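Presented below is the structure to which this report refers.
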Amino acid sequence: MSAPLALVRSFTQLRTNPLRTLLTLLGMVFGVGSVVAMMSIGEGAQREILQNIEAMGAANLHIQARPVPDAELGDTVNDSVGLARADLQTLQELVPGVQEIAYRKKLPLNVTSLNLPTPRLAPFAVSHNLTRVHGLPIAHGRPLLQSDFTFQRRVVLLGHDLARDAFKDPAAALGQRLRIEYAWFEVVGVLAPRTALGGDLPIDPRIYNDALLIPFDTAAAELHPPPAYGELDLLSLRVPTTQDTLPAKRAATPVLRALHGGVEDFEAVAPEEILQQRQATQALLNLVLIAIAAISLLVGGIGVMNIMLANIMERIHEIGLRRAVGARRSDIRNQFLLEATLLCVIGGLLGILLGNAASFTVAAIIDLPIAFAWESMLIAFAISATVGVIFGLVPALRAARINPIQALQGE
Amino acid sequence: MTQPLIQLQGVTRVYHAGNLAVPVLHGIDLAIHPGEYAVLMGRSGSGKSTLMNILGLLDRPTQGTYHLLGQDITALDDDAISALRGRTIGFVFQSFHLLNHLTIEQNVGLPMEYQGASARARHARATELLERVGLTHRLGHRPNQLSGGERQRVAIARALSNNPSVLLADEPTGNLDTAAQQRILDLFAQLHTQDRLTLVMVTHDPAIGAAASRLIRITDGRITS
Ligand SMILES: Nc1ncnc2c1ncn2[C@@H]1O[C@H](COP(=O)(O)OP(=O)(O)O)[C@@H](O)[C@H]1O
Ligand SMILES: [Mg+2]
C-alpha cells in the first residue's frame, strides 16, 4: 500500500471513533503542551536576562559600595574612605581596557518644590558621562555638559515619569525651574522612558524613570557636602565588550582593596558573571522541566500503547481480512505503527497549540516574559512522532504476528 | 488435459492442542482444474474449513505438497505467500468481513490497495464489479447500511477485484435467507458459466451441490468421492 494512501486510511480509522481518539490524544496534548509552554517561558526568561543586562550596559563593570555594619564603621574609616573620586585615576590607569568611568551618589532629599512625594524621587549626584555609560537616551533637551560641572551650574535632568507626573507632559518640563532643598535648579533635559524589566541587577534602569540627575560638583557645592566616608555609591567602568567585564573585575578588585587599606567595602559586579549564573540556574530549571515533560510523554505514550492494544482486539477481524486479501505482516505492522504515530503527532500538534495558548495567557495575566520558541515546535513535533513509533511498535508487532485464520474466527 | 490449477498430494494437517496432536486432514490428494465449480460437502467437523484454509494459502499443510498454478507453495516464505494469496485467491466468508469504516467502493478496492493499484484503477474496477453484482447505487454507502445479501454481494465483488484464479467460498450463504441465498448462488453459477472462473464452495445443502460441476465429499478428513 502506498504511503499517502496508508496515511489517508489511518485518518479515516481515527475519525471513526473521534471521542476515543480525542481521549487518547489527551496525554500527548498535555505532555507536549507542557514542553512547549515551559520552553516558551524558559526562552522568555532567557531573553529577559539578556535584555536586562543589555539595558544596564552589558559592557560595564559596576562597583557598588558595600554597606559597612555600624559596629565596624569606626575601624573601617581609619583605613578607608569608601568609594570615592580619588579611586578613579588609579582604576583608569591600572585596569586594562577601561575606556571611561561614570559614577553616582544617591542624595538625601528633604524638600522639593515638586508636587510629588519625596520618597518616590531618586535624586543622584552624577558624573557628566553617566547617562552615556548607563545608556540613558535624552528624550528632550540636552545631557549634562562638562561645563555644568566646571561652573557648578544649577541644572538638573529629570526622569521620564517624574517629568510627566510633575509637568503633565515631559517636554513641558524643559526650562522649568524647581527647588531642591534650598536651591533653585533649571530642568535642561528629560530622559527617555525605560521600559519595565524586572531586575535585581545593581542598575535597574527603571529607577531612572523617577530620577533627578544633578551634576556632582553642583550637588557638593549647593546641596550636601560629600560625606567623609562613602563619597560615591557606584562606579561604572566602561570596557569594550561584555566579555571584558570579568577580566576587568579581576584586575579592579585588588587595586581597590589596596586603595581602601585592605577593607572590602565595595563589590564588583560583572554582567558576564550574572549572565553565567542565570544561565546555570536556567539550565537547572530546564533539567527539571525536561524531567516533567518526559514523564508526561511517557504517560501519553503508554495511553497510546494501551489504546492500540485494545484496538487490535477490536479489529481482529479486520486484521484477518486484510491478511486474506494479500496484506503482508509488514503491511499490518506499518498500518498500526502509522496510526499510533499519527495519533501522537496530532496530539503533539494540539499540544503545541495548547502550550502556546497557555503560556501566552499566563504571560498576559501575571506579566511574565515569554517568547515564541520556534525550535520548541520542531522539537515537540519530532518528540511526538518518536513517542508514537516507540509506543506504537509493540502493538504493531503484536498485530502483525496474529495468525490470519484465528483473526478471522476471533472474537 | 490442462495443468491443474490446484494440486494437493498427500496433504495432512495436524493441530496441536497442548501436547495432544489432533490430526484433522489425512492424506488429501486433490486436483482442481481451471474453470471447475467444485462443491465441498461433509459433516460439521470433517475438516472442510481446514482444507479451504490450506487451499487459500492462509494455512500450510503439516505434510504433503501443494502446487498452485504449478508453483510449489511449501517453498515460499510468508511475504511471498501473502503476495500470491492477494493476487490469485478470492475469499468469500460466511460472515462477510466487510470493514465498516470504509465505503462499499473502498471495501471492494481493498485487495487492490495491497497490489499498488492507483485510485483511478480501484475506482474503475469497483464500479465495474458493483454493477456486476447489482449494487452500483450503493457505491458510497457503508456496509452496515446494507442487508446481509447485499453485503455478501459486496464481498464477492471484493473477492473478484484482483482478478483471482480461484474463488474460495466457505459456507457463503450460511447467514442468509432463501431469497438472498438464491441470488448468491445465481451469481456463482454465472461466474462459472460466463466467466469460466474456478470456484470452490463449502456447503451443507445437497440442493446447492447439484448446481456444481463437481462434488467433493469429505469424511473425517478424507476425501471419499
Ligand atoms: N486451531 C485448531 N486447533 C485445534 N483443533 C482445530 C482447530 N481448528 C479446527 N480444529 C478441529 O479440526 C476439526 C475440523 O474443523 P473444521 O475444518 O473447521 O471443520 P468443518 O469446517 O468441516 O466443520 C474440528 O474437529 C475442529 O475442532
Ligand atoms: Mg467450517
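First the proteins, then the strands, lettered A, B, ... as listed; each starts at 1. Every value quoted in this text rests on a predicted model; they were computed, and no experiment measured them.
L99(B) touches chain A through its side chain: at least one heavy atom from C-beta onward sits under 4.5 Å away, while N, CA, C and O do not. In this structure, chain A has a heavy atom under 4.5 Å from the side chain of R158(B), while its backbone stays farther away. L102(B) touches chain A through its side chain: at least one heavy atom from C-beta onward sits under 4.5 Å away, while N, CA, C and O do not.
A side-chain donor from one of R323(A) and S82(B) sits under 3.5 Å from a side-chain acceptor of the other.
Taking 4.5 Å as the limit, every side-chain heavy atom of R9(A) sits out of range of all side-chain heavy atoms of H101(B).
When each of T16(A), L408(A), T12(A), D331(A) is scored by its heavy-atom pairs under 4.5 Å with chain B, the top score falls to L408(A). Taking chain A as the reference chain and counting heavy-atom pairs below 4.5 Å, the highest number among M112(B), Q106(B), Q115(B), H97(B) is found for H97(B). Most heavy-atom pairs under 4.5 Å with chain A: of the set L57(B), L110(B), N162(B), this distinction falls to L110(B). Counting heavy-atom pairs closer than 4.5 Å to chain A, the top residue among G116(B), A159(B), G86(B) is G86(B).
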side-chain contact (heavy atoms from CB on, under 4.5 Å) between Y114(B) and V325(A), worked out = CA-CA 8 Å; Y114(B) 292 105; V325(A) 301; 4.3 Å; yes
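More than 12 heavy atoms of other shown residues, nucleotides or ligands fall within 6.0 angstrom of atom CZ in R132(B). The number of heavy atoms from other shown groups lying within 6.0 Å of CZ (R43(B)) does not exceed 12. Taking a 6.0 Å sphere around CZ of F11(A), one finds it holds 12 or fewer heavy atoms contributed by other residues, nucleotides or ligands. Within a 6.0 Å sphere centred on CD of Q276(A), heavy atoms belonging to other residues, nucleotides or ligands number more than 12.
Between A324(A) and F93(B), the shortest heavy-atom contact is CB-CZ, 4.0 Å. Heavy-atom minimum distance, P404(A) versus L58(B): CB-CD2, 3.9 Å.
Salt bridge absent: R328(A) and D78(B) never bring a charged side-chain N and a carboxylate O closer than 4.0 Å.
One finds the CZ atom of F96(B) at 13.0 Å from the CG atom of L321(A) (value rounded to the nearest 0.5 Å).
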